[in-house]
A.B. asks: 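I have a structure here, written as C-alpha cells, and I will follow up with some questions on it.
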Protein chains: 2
Amino acid sequence: MVVRELSDADADRIFHALADATRRDIIARVAREGLSVSALAQHYPMSFAAVQKHVAVLHRAGLVHKERRGREQVVQARPATLRRAIELLEAYERIWRQRVDGIDRLLAEE
Amino acid sequence: MVVRELSDADADRIFHALADATRRDIIARVAREGLSVSALAQHYPMSFAAVQKHVAVLHRAGLVHKERRGREQVVQARPATLRRAIELLEAYERIWRQRVDGIDRLLAEE
DNA sequence: GTAACGTACAACCAAATGGTTGTACGTGAG
DNA sequence: CTCACGTACAACCATTTGGTTGTACGTTAC
C-alpha cells in the first residue's frame, strides 16, 4: 500500500487488520524486532498457515513489511502506516472538539 | 461498554467498528451534532435497517451513545472511546520507538 | 545430493458480516 | 382517535473471515 493520503479502502484494511487480538500481538512483537513467520507462529495456538494469513492481512494493510532473508521471510513493522491510522482517528476527535469549542465560545459570548 | 482498561474484546469491537467507511462517516456526522437514526439513514444508499445495524455496531463498541428523545433515538458521539483507541495505537507506536531509540543509543555509544 | 526447513497457496468448512424485506410496536401530530 | 413516523428485530441471503489440511517449491544444512 502506498502511503500518501489514506483512501477509504486503505482505512478499511488498516482498521480491519487491527481488529484481531492475534494480529495486534504480531504487530507488538515485530515492533520490537523483525521475526520470521515461523518464529511468530510458535507463539500462537494455531497452524502455521493461519499465522501466515494473519501476516498477509497486516501486509495488505501496509502495517508490516516482509523481507526475504535466506529461506526465511522476516516480518518487520511499518510504523508510518500506524501513524496514519492514529492521525485519521485524531481527525475525527478534532471534529468533535471543534463542536465543543464552538459551544464553549457561544457560552463565553453571553 | 464501560471504559476502564481496554480488553482485547473491547479493542476488537472498536477497530472492527472503525473498519467500515459508512460507520466512520456516521461517527464524523454525529461528532458535529447528535442525529436521529432516520436522519442519518437519509445520507446513505442503503435501507434504514442497514444503517440501524451500523449504529448498533458503533454502539456495542462504545463509540456512540443513544438517547431516546420523543419517538426519535438521537445518536451522539462518545469521544472518550475514540481516545482509548488512539492511546492503544500510540502504545504500539511507542514500542517501536523504544527499539529505534535503543539502536540510536547503541550507535551513539560507539 | 538429499533431507529437512520455511514458505506459499489451494481447497475446504463453519461462523460472522453486511445487506435485504417484512412485521410489530410505541409515540406524537392532526 | 387515528394514522403516519421512527424504531426494533427476526428471517433470510451472498460474501467474507478465520481456521483447517494437504501439496508444492525454493533454500540451506549436512
Side-chain angles (χ1 to χ4, degrees), chain A residues 1 7-30 33-77, chain B residues 1 7-30 33-77:
Chain A
M1 202 183 61
S7 75
D8 270 358
D10 293 337
D12 285 0
R13 276 189 287 269
I14 293 172
F15 290 121
H16 170 248
L18 291 169
D20 180 284
T22 302
R23 288 195 290 263
R24 286 193 302 274
D25 194 71
I26 290 175
I27 288 181
R29 282 183 198 278
V30 303
E33 56 170 341
L35 290 171
S36 71
V37 181
S38 53
L40 277 171
Q42 292 184 321
H43 294 93
Y44 306 102
M46 65 186 73
S47 68
F48 170 83
V51 175
Q52 206 179 5
K53 279 193 185 181
H54 282 304
V55 171
V57 170
L58 290 167
H59 188 239
R60 256 177 271 133
L63 286 164
V64 302
H65 158 249
K66 293 197 290 182
E67 188 185 335
R68 187 136 238 138
R69 209 149 98 187
R71 63 184 166 187
E72 295 187 343
Q73 192 85 259
V74 178
V75 181
Q76 282 165 317
Chain B
M1 203 184 62
S7 75
D8 270 358
D10 293 337
D12 285 1
R13 277 189 286 269
I14 294 172
F15 290 121
H16 170 248
L18 291 170
D20 180 285
T22 301
R23 287 195 291 264
R24 287 193 301 273
D25 193 72
I26 290 175
I27 290 181
R29 282 183 198 278
V30 304
E33 57 170 340
L35 290 171
S36 71
V37 181
S38 54
L40 276 171
Q42 292 183 321
H43 294 93
Y44 308 102
M46 65 186 74
S47 68
F48 170 82
V51 174
Q52 206 179 4
K53 279 193 185 182
H54 282 304
V55 172
V57 170
L58 290 167
H59 188 239
R60 256 177 271 131
L63 286 164
V64 303
H65 158 250
K66 294 198 288 183
E67 188 186 334
R68 187 136 238 137
R69 209 148 99 187
R71 63 183 166 185
E72 296 187 343
Q73 191 84 259
V74 177
V75 182
Q76 281 164 318

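Just so we're on the same page: letters track the sequence lines, and every chain starts at 1.
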A.B. asks: How many whole angstroms separate atom CD of E72(A) from atom C1' of dA29(D)?
C.D. replies: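 Computing the E72(A):CD to dA29(D):C1' distance gives 13 Å.
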
A.B. asks: Rounded off to whole Å, could you give me the CZ-to-P distance for the R60(A) and dT16(D) pair?
C.D. replies: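 Rounded to whole Å, this separation is 12 Å.
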
A.B. asks: H43(A): which residues meet the side chain to side chain contact (heavy atoms under 4.5 Å, CB included) condition with it, sequence neighbours left out?
C.D. replies: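 Once residues adjacent in sequence are excluded, the partners of H43(A) under the side chain to side chain contact (heavy atoms under 4.5 Å, CB included) criterion are R29(A).
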
A.B. asks: Just to verify, what does T22(A) make a side chain to side chain contact (heavy atoms under 4.5 Å, CB included) with, not counting sequence neighbours?
C.D. replies: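 Listed in chain order: D20(A), I26(A), Y44(A), M46(A), H54(A).
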
A.B. asks: In whole Å, what is the span from the OH atom of Y44(A) to the C1' atom of dG18(D)?
C.D. replies: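 Rounded to the whole Å, the gap is 15 Å.
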
A.B. asks: Just how far, in rounded Å, is P of dT17(D) from CG of D12(A)?
C.D. replies: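 D12(A) atom CG is separated from dT17(D) atom P by 10 Å.
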
A.B. asks: Could you give the CD-to-C1' distance, from Q73(A) to dT28(D), as a whole number of Å?
C.D. replies: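 Atom CD in Q73(A) sits about 16 Å away from atom C1' in dT28(D).
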
A.B. asks: Mind checking what makes side-chain hydrogen bond (donor to acceptor under 3.5 Å, both in side chains) contact with S47(B), not counting sequence neighbours?
C.D. replies: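 In terms of side-chain hydrogen bond (donor to acceptor under 3.5 Å, both in side chains), with neighbours along the sequence ignored, S47(B) is linked to no residue.
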
A.B. asks: Mind calculating the distance between CG (L35(A)) and C1' (dG6(C)) to the nearest angstrom?
C.D. replies: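 Whole-Å distance recorded here is 14 Å.
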
A.B. asks: Check whether any side-chain N or O of Q52(A) sits under 4.0 Å from OP1 or OP2 of dC9(C), and answer yes or no.
C.D. replies: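 Answer no for this pair, as no side-chain N or O of Q52(A) is under 4.0 Å from OP1 or OP2.
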
A.B. asks: At how many degrees, to 10°, do the end axes of the helix from dG1(C)-dC30(D) to dG30(C)-dC1(D) meet when each uses five pairs?
C.D. replies: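 Its terminal axes enclose an angle near 30°.
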
A.B. asks: A side-chain contact here means heavy atoms from C-beta on lying under 4.5 Å apart; do Q42(B) and V51(B) qualify?
C.D. replies: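 In short, these two side chains do not touch, never coming nearer than 4.5 Å.
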
A.B. asks: Can you name the residues that form a side chain to side chain contact (heavy atoms under 4.5 Å, CB included) with A56(A), not counting sequence neighbours?
C.D. replies: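 Listed in chain order: R60(A).
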
A.B. asks: Report yes if at least one side-chain N or O of K66(A) is closer than 4.0 Å to OP1 or OP2 of dA8(C); otherwise report no.
C.D. replies: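 Yes.
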
A.B. asks: For V74(A), give me all partners under side chain to side chain contact (heavy atoms under 4.5 Å, CB included), at least two apart in sequence or on another chain.
C.D. replies: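 V74(A): side chain to side chain contact (heavy atoms under 4.5 Å, CB included) contacts with R69(A), Q76(A).
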
A.B. asks: Identify the two heavy atoms, one from L58(B) and one from A17(B), that lie closest to each other, and give their separation to 0.1 Å.
C.D. replies: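 Heavy atoms of L58(B) and A17(B) come nearest at CD2-CB, 4.1 Å.
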
A.B. asks: From C-beta outward on H16(B), which listed nucleotide comes closest to its side chain: dT7(D), dG18(C), dA8(C)?
C.D. replies: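 So the nucleotide nearest the side chain must be dG18(C).
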
A.B. asks: Using side chain to side chain contact (heavy atoms under 4.5 Å, CB included), reason through R24(B) and D8(A) one step at a time and then give a plain yes or no.
C.D. replies: CA-CA 9 Å; R24(B) 287 193 301 273; D8(A) 270 358; 3.8 Å; yes

A.B. asks: When you check every protein heavy atom under 4.0 Å of nucleotides 19-30 of chain C, what one-letter string (B, S, -) results, 5' to 3'?
C.D. replies: BBB-----BB--

A.B. asks: Looking only at heavy atoms, what is the nearest atom pair of L63(B) and I27(B), with distance?
C.D. replies: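 In this case the closest contact between L63(B) and I27(B) is CD1-CD1, 4.1 Å.
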
